[in-house]
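Below is one structure, written out as structure tokens; comments come after it.
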Amino acid sequence: MQKTFKRETAWAMAAGLGVLCIYGLWSGDDAALEWAKLFTVPVMGFMIAAFGLDAAAKQLPRYGSHPQGPPQ
């Protein structure tokens, strides 16, 4: 199976959003805060999808990994 780096990308996007928010708050730059507001929903949506799909995929049985019939 090939690694897709979904979760790592989500953490990098969240860190970038955090840096943008902190920069906007400390420097008083209203433009940075407006950009942070703009990027909040897409970044959080990507994080929810990346971590949620990963958790859901780990719950599903893989094809051929379970024997047929009930466990004994």
Side-chain angles (χ1 to χ4, degrees):
M1 183 184 291
Q2 183 178 359
K3 186 159 177 71
T4 60
F5 297 100
K6 291 184 302 284
R7 292 177 292 162
E8 290 82 1
T9 303
W11 281 118
M13 290 172 67
L17 182 62
V19 167
L20 187 61
C21 290
I22 291 171
Y23 172 76
L25 290 173
W26 279 352
S27 68
D29 188 6
D30 289 335
L33 290 176
E34 290 300 318
W35 279 105
K37 289 178 188 176
L38 178 70
F39 287 132
T40 299
V41 172
V43 168
M44 292 301 154
F46 185 83
M47 287 186 70
I48 290 168
F51 289 104
L53 289 175
D54 183 58
K58 289 180 180 176
Q59 299 297 318
L60 297 174
R62 297 181 195 266
Y63 180 75
S65 64
H66 292 83
Q68 297 295 328
Q72 298 176 355

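If you read the sequence from its start, that first residue is 1, and numbering goes on from there. Note: hydrogens, waters and symmetry copies are ignored here, and every other heavy atom, side chains too, is used.
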ILVMFWY cluster membership beyond Leu25 - transitive side-chain contacts under 4.5 angstrom
Leu33

If you link I, L, V, M, F, W and Y whenever their side-chain heavy atoms are under 4.5 Å apart, who else ends up in the same group as Leu20?
Trp11, Met13, Leu17, Trp35, Leu38, Phe39, Val43, Met44, Phe46, Met47, Phe51

Which residues, ordered by chain and number, are linked to Phe5 in its hydrophobic cluster, where ILVMFWY side chains connect at heavy-atom gaps below 4.5 Å, directly or through other members?
none

Which heavy atom in Gly24 sits nearest to a heavy atom in Ala32, and how many Å separate them?
CA-CB, 3.8 Å

For Lys37, salt bridge (charged side-chain N to carboxylate O under 4.0 Å, His left out) partners two or more places apart:
Glu34

Quick one: hydrophobic cluster around Val41, which other residues, with the 4.5 Å side-chain cut-off, linked directly or via members?
none

